[in-house]
Each structure stands twice: as structure tokens, then as C-alpha cells.
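Okay, structure first, notes after.
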Amino acid sequence: MSNALLEDLEWRGLIAQSTDRKELEQALSKPISLYLGVDPTAPSMHLGNLVVFLVLRRFQLAGHRPIPLVGGATGLVGDPSGKNDERTLNEEKLVAEWVSKMKKQVEKIIDFDDKKTGAVMVNNLDWTKPVSVLDFLRDIGKHFSVNQMLAKDSVANRLATAGISYTEFSYQVLQALDYLELYRRNDCKLQIGGSDQWGNIVAGLDLIRKVEGGTAHALTIPLLAKSDGTKFGKTASGAIWLDATMTSAYEFFQFWLNSDDADMPKLLKVFSMKDRKEIERLIETVNTNPGAREAHRELGREMTSLIHGADMAKKVEEAAKALFGQGEISELDLATLDSALSQLPKTQVKKGDPFPTWVDLLAATGVVDSKSAARRIVKEGGAYLNNKKVESEDFTPSKSDLLHGKYLLLRKGKRDLAAVEVAG
RNA sequence: GGCGGGUUGCCCGAGCGGCCAAUGGGAGGGGACUGUAAAUCCCCCGGCUCUGCCUUCGAAGGUUCAAAUCCUUCACCCGCCA
């Protein structure tokens with residue numbers, strides 16, 4: 001018999017590799033517990049993390065119990081998978097802080113309250129920290145063959161290039177220990193993760209078999225790439241983060257809206273929780289009426305609602321509509337303008353103070369990195385005040401330029417907006 | 001521990017005493033065309049009080065009128081040998 005969840009994941013292109021398909025299908029024929037780990041290597045998760053957590057959510061919606069794990073311990077050590085160079089170790093305090101931030105983000109994606117499938121959050125520091133070095137070497141280390149450890153891609157790649165420290169070399173053992181621990185205490189039978197995690201997951205399966213004589217499963221998810229082969233989820237300003245202070249809700253929505261048409265089928269399948277029929281309909285709209293960008297908008301709405309809440313999603317979409325609308329910007333009413341500009345990076349000018357020069361304003365809002373860059377942009381004809389091109393580098397705005405006596409709308413290029421507010 | 005090679009701007013990578021803010025490619029930015037898309041073409045791409053000045057070529061010293069380029073020491077990486 002086949003399994004609807006696996007078939008759906010397959011259709012979405014979300015399966016890179018798995019342990020024996022038949023056995024996995026059988027295991028999934030009744031509700032199981034499965035785990036997915038994320039290491040706190042930054043203050044926030046990004047879109048790459050979101051992909052795998054959404055898969056965890058898909059399992060939950062199919063009736064299984066998710067165990068999201070934050071790597072309070074593994075984050076202190078550093079995963080060599082997919083890394084060309086040794087990581088710099090982060091302070092314990094910092095890692096602990098990141099752990100708590102990531103937990104909050106996970107709570108937005110996974111349901112913790114459902115009676116049957118409510119998730120259980122765990123932190124591997126809880127069981128890793130108490131283990132002494134000697135116990136670790138005798139009880140755990142004894143089950144690992146260095147020969148096998150060296151053969152893992154993550155280690156082999158590093159041995160062939162930059163080398164690897166004993167610390168990072170040990171990473172796979174820690175992750176294996178996690179799986180064993182969760183197998184024991186939560187009856188966890190499946191671990192999912194990015195495809196770069198295959199080696200680490202398999203290490204866990206081996207350990208479970210050796211220590212407990214038990215069987216568990218593994219499933220990995222392909223790492224996302226854009227249609228042009230470049231890394232996904234990065235923009236000029238860096239990665240797309242889930243934390244609103246790192247990537248604003250407005251930027252987050254804009255990311256989806258500005259995605260390449262060619263990427264839309266893949267993005268919809270990977271990110272959207274909508275069913276196959278609806279996704280196929282949206283993909284069709286990209287072909288029939290690309291200019292409308294219905295699929296872009298719909299996906300932007302769905303993702304922004306998930307991460308930043310439905311109210312915020314609505315707000316940022318409307319802000320975008322107002323700011324990019326065809327109409328005269330000066331005709332927008334104050335309430336709309338207030339709301340729209342609240343989503344943009346903003347700088348303030350004290351009422352009564354003389355206006356700074358145009359170049360200073362651009363630099364102050366952060367749409368350009370330096371005053372030199374600001375001048376360059378004006379020279380190239382890419383600077384706009386209230387949607388009108390600024391011609392001179394020496395330009396200084398005046399009172400008459402203010403919208404509703406209060407705002408200036410600055411723009412660099414087609415879509416990089418910022419606001420100046422005159423504050424009393 | 002010994003010998004050899006390396007460390008250049010966001011990344012890759014030239015330069016090997018003055019013509020170097022530093023060739024080339026990629027990434028990135030602006031313009032044109034569009035749909036706040038892609039492809040294509042053109043332009044830009046250290047900073048500033050911008051016809052000039054200031055700070056960059058692993059770090060610190062030194063030689064010289066003049067150093068990314070030469071010398072010394074230190075740090076790190078990569079080979080080969082022990």
C-alpha cells in the first residue's frame with residue numbers, strides 16, 4: 001500500500017533520500033513521532049530552515065507527532081556538513097539566547113496544543129551536558145568506527161581541503177546520540193532534515209541498531225536552489241530571516257512578490273500548504289497571465305501570514321499596493337500613507353530644523369551604504385523623491401516637498417523605498 | 001621539528017619597486033525594455049568636506065624620494081619530509 005503523505009512530498013520535490021521506502025510507508029501507516037533538529041548558528045531561522053520545518057508541519061497535519069529539537073549542545077560544537085571551513089565557536093550565552101529565539105519561531109510553524117499530535121520541543125543540551133567525557137567515550141564512542149566516520153561526506157570533504165578539528169569531527173556522534181535519546185524517551189522513529197544531514201542521521205540509525213537493536217527511519221529534503229542554480233533565499237541584503245527585526249514583514253512579503261516567475265512552481269510546491277489542485281491552478285496563472293503575479297501574491301500572503309500574522313500580512317500587502325500604485329503619491333490620504341510608510345525603514349528630522357541634503361537623507365535611511373553611493377545613484381538617475389526623479393546631487397528638499405506636511409518618500413531604483421518623517 | 005608554497009577589495013583571481021584604489025571574471029547596484037519578473041544592452045561598483053584628499057593588498061616594524069610589490073619578525077593556511 002502507498003502513503004498519501006509520501007506521495008504528496010514526492011510530488012512537491014521534497015524527498016531527496018530515505019531509508020527503505022516500503023518500511024517507511026509501513027511505519028507511517030499509524031501515527032508516529034518524528035524529529036527535526038536545528039542548530040542555533042544565528043539569532044534567527046531563515047527560509048532554508050523554514051522549508052524543513054514546513055515538512056515537519058506536513059507530517060503533523062497527516063497525524064504524526066513532531067519533536068522539534070533545538071541544538072543547544074550541537075550548536076556549541078559546529079556541524080561540518082556542507083561547510084568548507086571550520087566554524088568559529090560562539091559563546092555559550094549567545095547560543096542559549098539564540099536557542100530561545102528559535103524556539104519562538106518554531107512555535108509559529110508547528111502546533112503544540114493539538115491533543116493527538118501536539119508537538120514536544122526538546123533541547124539536546126538537556127541530555128548532552130550531564131554526560132561526562134569518560135562516560136561518553138566508553139558508552140557512546142565505543143560504538144563508532146572511525147573508519148566509517150571518516151567516510152562521511154561532511155568529513156571526507158574537509159579532509160580533502162581545509163582540514164577538520166576533533167571538535168567538529170565529533171559532531172555526528174552528538175547528533176546520533178540525540179536520535180538514540182529521542183528513540184528511547186519519545187519512541188521517535190523518524191528523523192527528517194536537509195539532504196546535507198543524511199550522514200548525521202544515518203549515524204543515529206546505526207547507533208540505535210547497535211545499542212537498542214531497534215529500527216528507525218530517515219528522510220531528507222533537497223536543499224533548495226533557484227532556477228538559475230544560485231543559492232535560494234538570499235537577496236542583495238543577505239538571507240531572508242524569519243525574525244522581523246532582521247527581515248521586516250514588508251521585505252519578507254516583497255521577497256515572494258519579486259521572485260522569478262520560473263521559480264514559482266517550485267516555490268509553491270515547497271512552501272505552500274495548499275493542496276495540489278490549487279497549486280496547479282496557481283502555476284497555470286503564471287503562464288496565462290504572468291503580469292498579474294497572482295501566484296506570487298498568494299504565496300506571499302500565505303507565508304507572511306504564517307510568520308508575521310494575518311494582520312501584518314494584510315498591512316504590508318496594502319502598503320506595497322499604495323506605494324507602488326499608479327496614482328500620484330501626493331494624493332494618498334494620510335491614514336493610508338501612515339500605514340504604508342510604517343513598514344519602511346525610516347529616519348526622522350526634527351520639526352523646525354533645516355532639512356539635510358538629499359545625499360545625507362539617502363545615507364541616513366540606509367537605502368545606500370555611503371554618501372558616495374548616494375551621489376552615484378543620483379548621477380545614474382536612480383534616485384527619486386516622492387516618485388519623482390532627483391536630478392541634482394546638491395538638491396535639498398524643502399517644506400513644499402512634504403506629503404501631508406509630514407513625510408518624504410525616498411526611493412532608490414525601482415523598489416528600494418525609505419521614508420523621512422518630520423517629527424514634532 | 002625541517003623544507004617549500006601561500007595570505008590582495010563581497011567571492012574567485014591578476015599584479016611582483018613608481019603609470020595602483022590596484023587587470024579580469026562572478027556577485028551586487030543604476031538605467032533602457034517590462035510586470036516591483038526573466039533575458040538582453042549600456043553604465044557604475046573603497047571612503048570623504050570629491051577637478052583634490054584619506055584609508056586599503058594577513059599583522060607589526062624596516063629599506064627607499066617612492067612599496068601590494070624588497071628586507072625582518074610574528075600569525076594563520078596548504079604541500080612534502082620527520
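In the text below, chain A, chain B and the rest are named by the order of the sequence lines, each starting its count at 1.
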Distance between the [atom1] atoms of [N] and [M], in whole angstroms?
| N | M | atom1 | answer |
| --- | --- | --- | --- |
| B:G61 | B:U55 | P | 14 Å |
| B:G24 | B:G62 | C1' | 34 Å |
| B:C57 | B:C11 | P | 14 Å |
| B:C41 | B:C33 | C1' | 9 Å |
| B:C78 | B:U73 | P | 23 Å |
| B:A22 | B:G35 | C1' | 41 Å |
| B:C48 | B:A37 | C1' | 37 Å |
| B:U23 | B:G1 | C1' | 41 Å |

A:G78 to A:E168 - nearest heavy-atom pair and separation |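 What the structure gives for the nearest pair is O-CG, 3.4 Å.
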
Considering all heavy atoms of both residues, which atom of A:I192 and which atom of A:V52 are nearest to each other, and what is their separation?
->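 A:I192 and A:V52 have their closest heavy atoms at CD1-O, 4.1 Å.
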
Mind checking who [N] pairs with, Watson-Crick or G-U wobble, both distances under 3.5 Å?
| N | result |
| --- | --- |
| B:A67 | none |
| B:C57 | none |
| B:C76 | B:G6 |
| B:G1 | B:C81 |
| B:C16 | none |
| B:A39 | none |
| B:C45 | none |
| B:A27 | none |

Looking at side-chain heavy atoms only, is the closest gap between A:S195 and A:I221 below 4.5 Å?
->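 Not touching, per the 4.5 Å side-chain cut-off.
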
Does the side chain of A:W358 reach to within under 4.5 Å of the side chain of A:V378, using non-hydrogen atoms?
->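 Side chain of A:W358 against side chain of A:V378, heavy atoms only: contact under 4.5 Å found.
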
Without decimals, in angstroms, what is the distance between [X] [atom1] and [N] [atom2]?
| X | N | atom1 | atom2 | value |
| --- | --- | --- | --- | --- |
| A:M264 | B:G35 | CE | P | 18 Å |
| A:D263 | B:A39 | CG | P | 11 Å |
| A:H296 | B:U36 | NE2 | P | 12 Å |
| A:I329 | B:U36 | CD1 | P | 15 Å |
| A:E294 | B:U36 | CD | P | 17 Å |

Residue whose closest nucleotide on RNA chain B lies nearer the 5' end, A:R411 versus A:R415 =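 That would be A:R411.
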
Classify the nucleic acid contact of A:K412 as base, sugar-phosphate or nothing, counting any heavy atom under 4.0 Å across all strands shown.
->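 It contacts sugar-phosphate atoms only.
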
More than 12 foreign heavy atoms under 6.0 Å from CG of A:D311: is that the case here?
->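 Not buried by this count: 12 neighbours or fewer within 6.0 Å.
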
Provide the full list of salt bridge (charged side-chain N to carboxylate O under 4.0 Å, His left out) pairs with a residue in residues 387-397 of chain A, sequence neighbours left out, each pair given once.
->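 Counting only pairs at least two positions apart or across chains, the salt bridge (charged side-chain N to carboxylate O under 4.0 Å, His left out) contacts touching residues 387-397 of chain A are A:E328-A:K388, A:R375-A:E393.
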
Kindly state each residue pair satisfying salt bridge (charged side-chain N to carboxylate O under 4.0 Å, His left out) with at least one member in residues 62-75 of chain A, sequence neighbours excluded.
->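 Sorted result for residues 62-75 of chain A: empty, none.
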
Determine which pairs satisfy ring-ring contact (aromatic ring centres under 6.0 Å, His included) with at least one residue from residues 95-114 of chain A, sequence neighbours left out, and list them in order.
->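 Sorted pair list comes back empty.
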
Phosphate-side-chain proximity, A:R376 and B:G47, N/O vs OP1/OP2 below 4.0 Å |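 Yes, A:R376 has a side-chain N/O under 4.0 Å of OP1/OP2 on B:G47.
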
Could you tell me whether the side chain of A:T247 and the main chain of A:D243 form a donor-acceptor pair under 3.5 Å?
->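 No, because the side chain of A:T247 does not come within donor-acceptor range (under 3.5 Å) of the backbone of A:D243.
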
A:E280 (side chain) donor-acceptor with A:K277 (main chain) under 3.5 angstrom |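 It does not hold such a pair.
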
Have A:Q191 and A:Q197 got a donor and an acceptor in their side chains that come within less than 3.5 Å?
->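 No, no side-chain donor-acceptor contact under 3.5 Å.
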
Between A:T41 and A:D39, is any side-chain donor less than 3.5 angstrom from a side-chain acceptor?
->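 No.
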
Look at the side chain of A:D416 against the base of B:G29 and say whether a donor-acceptor pair falls under 3.5 Å; ignore hydrogens and angles.
->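 Under the 3.5 Å cut-off, the side chain and the base do not form any donor-acceptor pair.
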
Using heavy atoms and a sub-4.0 Å distance, could you list which residues of residues 335-349 of chain A are near RNA chain B? By number, please.
->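 Correct list: empty, so none.
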
Can you check side-chain hydrogen bond (donor to acceptor under 3.5 Å, both in side chains) on A:D333 and A:H404, steps first, answer last?
-> CA-CA 8 Å; A:D333 64 86; A:H404 293 280; over 6 Å; no

Heavy-atom contacts, protein to nucleotides 48-58 of chain B, under 4.0 Å, summarised as B (base), S (sugar-phosphate only) or - (none) per nt, yield BSB--------

For the residue pair A:F252 and A:W256, categorise the inter-ring angle as parallel (less than 30°), tilted (30 to 60°) or perpendicular (more than 60°).
->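 Rings of A:F252 and A:W256: perpendicular, over 60°.
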
Nearest to the [X] side chain among [options], which nucleotide is it?
| X | options | value |
| --- | --- | --- |
| A:I377 | B:G30, B:G35, B:U36 | B:G30 |
| A:N258 | B:C44, B:U36, B:G35 | B:U36 |
| A:A320 | B:U36, B:G29, B:A37 | B:U36 |

Polar-atom pairs under 3.5 Å, protein N or O versus N or O of nucleotides 32-34 of chain B: list them with distances, or write none.
residue, atom, partner, partner atom, Å
B:C33, N4, A:K414, NZ, 2.6
B:U34, N3, A:K414, NZ, 3.1
B:U34, O4, A:K414, NZ, 2.7

